[in-house]
Amino acid sequence: MRIKEILGKKLITDSITVSGWVRTKRTSKSVTFIELNDGSCFSNLQATVDNTEFEETVSGISTGTSVEMSGALIPSPASGQDIELQVKNIKILGGVSPDYPLQKKRHSFEFLRDIAHLRPRANTFGAVFRIRNILAYSVHEFFQERGYVYLNSPIVTTSDCEGAGEMFNVSTFNMENPPRTDKNEIDWTKDFFGKKASLTVSGQLEAEIFATSIGNCYTFGPTFRAENSNTSRHLAEFWMIEPEIAFANLKEDMDVAEAFVRHLFKKVIEKGGDDLDFINKRISQGITDLLEKLSKADFTRITYTEAIEILEKSGEKFEYPPSWGIDLQSEHERYLTEKAFDGPVFVTDYPKDIKAFYMRMNDDGKTVAAMDLLLPRVGEIIGGSQREERYDILLDRIKQLGLNPEDYWWYMDLRKYGTVEHSGFGLGFERIVQFVTGMSNIRDVIPFPRAPGLAEF
RNA sequence: GCCGAUUUAGCUCAGCAGGUAGAGCAAGCGGCUGUUAACCGCUGGGUCGUAGGUUCAAGUCCUACAAUCGGCGCCA
């Protein structure tokens with residue numbers, strides 16, 4: 001039986017078998033105490049072993065050893081735990097050599113990142129990854145309850161024009177000697193997919209196809225950006241959730257985004273248990289109260305123009321002075337979420353020149369129906385928009401931005417054949433895990449982080 | 001990619017005016033105790049990030065490079 005179940009039920013029984021890894025061992029003359037963790041929950045099961053009976057086995061046990069123990073679960077005579085396992089039989093499954101890098105002490109996250117194959121055995125990472133799992137489940141729960149269809153958008157794409165950043169190439173060519181054209185350029189028509197292919201930077205355009213056919217849908221999959229980003233909130237490979245909502249405008253888009261984020265907060269509070277308690281106590285003091293508050297309060301909604309006014313009137317000394325037309329800097333976002341409103345803020349209706357071609361042009365001709373959700377500390381967590389559904393205007397925008405309309409032929413077709421108003425957004429999954437756990441580096445909330453120079457595990 | 005800081009034992013760090021390296025934890029051994037990141041004692045463990053340079057002498061000063069961390073840009 002797994003320890004989560006045992007501790008949850010405060011089970012008392014004559015006979016039970018548990019398996020797991022030893023977190024720490026304390027030896028007395030007659031009794032040895034073993035803290036056993038099987039990963040099912042934050043807490044350990046305390047086991048007591050009779051030294052005289054199992055002397056040899058006990059001496060072979062140290063932190064990290066995998067063992068199978070059977071015996072009786074009894075009320076613990078000492079304080080600190082409700083129940084404990086009185087061991088009647090113990091077997092070492094796998095021993096540990098003295099160079100085991102995980103000790104029963106605090107380790108820096110940087111060090112643990114270098115041993116990513118062992119770090120989930122550390123308290124913090126066990127908690128983080130179990131909370132990540134709660135969030136992943138809750139993502140599906142939210143959309144499924146509302147009738148959204150889960151869409152697997154492609155990971156390999158040939159639309160070289162998604163416009164969201166640098167892309168990783170996908171090719172079967174021998175890189176030292178690829179086929180070349182008469183002009184000595186690489187001949188991608190001879191490559192596996194017949195054209196230049198890359199890893200996706202967004203499933204949005206594909207999601208729009210399904211939103212305008214089977215209706216509301218969402219993607220939740222890996223996303224790749226080959227930017228040379230060296231920050232605590234960027235990854236080269238991350239997981240993104242992209243709902244696409246048919247017959248919806250920007251306001252409805254924000255309503256969904258807000259309900260979605262609140263749902264995630266609520267579920268973490270509901271299911272976080274010991275993991276959340278630990279996070280609340282040791283990693284991110286007060287996060288439980290904050291999540292509680294945010295799961296109820298409305299998120300602030302302001303336009304980009306209002307945001308600029310607030311920043312201009314703030315009296316703050318910004319490194320980059322705010323002015324209408326420039327993109328919001330990190331310092332601006334931080335002022336809005338941490339000082340001006342002290343909570344999540346939607347900023348809407350950005351100048352068209354700093355946003356993507358597919359965002360719907362507003363009547364003023366200067367701004368587009370875009371929205372970003374900003375959170376304290378992690379910054380932009382959601383980027384979304386109402387999509388331009390009017391064929392002619394979309395075509396104009398594509399041309400204005402110097403893009404080739406032919407590259408977007410199927411995307412344009414959606415506007416040609418029964419176009420409808422629709423909206424959507426992208427939420428960076430790791431960013432929400434980061435916010436909820438208070439982990440300061442995004443590399444510590446994904447099991448195997450990929451970043452420039454980092455792909456060991 | 002830009003700016004800044006850091007890089008000394010397995011881990012976290014100290015090492016102050018340049019004179020041949022230290023603590024806590026971990027590990028090994030022993031002791032004590034129904035213990036709770038237990039406690040006490042002993043032992044082993046370091047070409048001081050790499051490569052050059054200055055000096056009689058460099059962990060300590062200089063240069064380059066690398067890695068890591070923080071901030072910024074790109075965004076989710």
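Protein chains get the first letters and strands the later ones, always in sequence-line order, with residue 1 at the start of each. In this text, all values refer to a predicted model and were calculated from it rather than measured experimentally.
Contact annotation: the side chain of A:N441 never approaches that of A:F109 to less than 4.5 Å [non-hydrogen atoms, C-beta and beyond].
At the phosphate of B:G34, neither OP1 nor OP2 sits under 4.0 Å from any side-chain N or O atom of A:S28. The phosphate of B:G73 has OP1 or OP2 within less than 4.0 Å of a side-chain N or O from A:Q329. Here A:K29 reaches the OP1 or OP2 of B:U33: one of its side-chain N or O atoms lies under 4.0 Å away.
The distance between the ring centers of A:Y148 and A:F142 does not fall below 6.0 angstrom.
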Expected list for residues 325-332 of chain A: side-chain donor-acceptor pairs under 3.5 angstrom, two or more places apart:
from   : atom 1 : to     : atom 2 : distance (Å)
A:Q329 : NE2    : A:D327 : O      : 3.4
A:S330 : OG     : A:R233 : NH2    : 3.3
A:E331 : OE1    : A:E319 : N      : 2.9
A:E331 : OE2    : A:E319 : N      : 3.1
A:E331 : OE2    : A:Y320 : N      : 2.7
A:H332 : ND1    : A:Q329 : N      : 3.0
A:H332 : NE2    : A:Y320 : O      : 2.7

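Nearest nucleotide to the A:N441 side chain, out of B:C72, B:G70, B:G34: B:G70. Closest approach to the A:T48 side chain among B:A76, B:G34, B:A37 is made by B:G34 (side chain taken as heavy atoms from C-beta onward).
With sequence neighbours left out, A:H234 forms a ring pair (Phe, Tyr, Trp, His ring centres under 6.0 Å) with no residue at all.
Residue A:Y411 places its OH atom among more than 12 non-hydrogen atoms of other residues, nucleotides or ligands, all under 6.0 Å distant.
A donor atom on one side chain and an acceptor atom on the other are not found under 3.5 Å apart for A:E208 and A:Y358.
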Watson-Crick or G-U pairs under 3.5 Å in RNA chain B, rendered as dot-bracket with [ ] for crossing pairs and | for another strand: (((((((..((((........)))).(((((.......))))).....(((((.......))))))))))))....
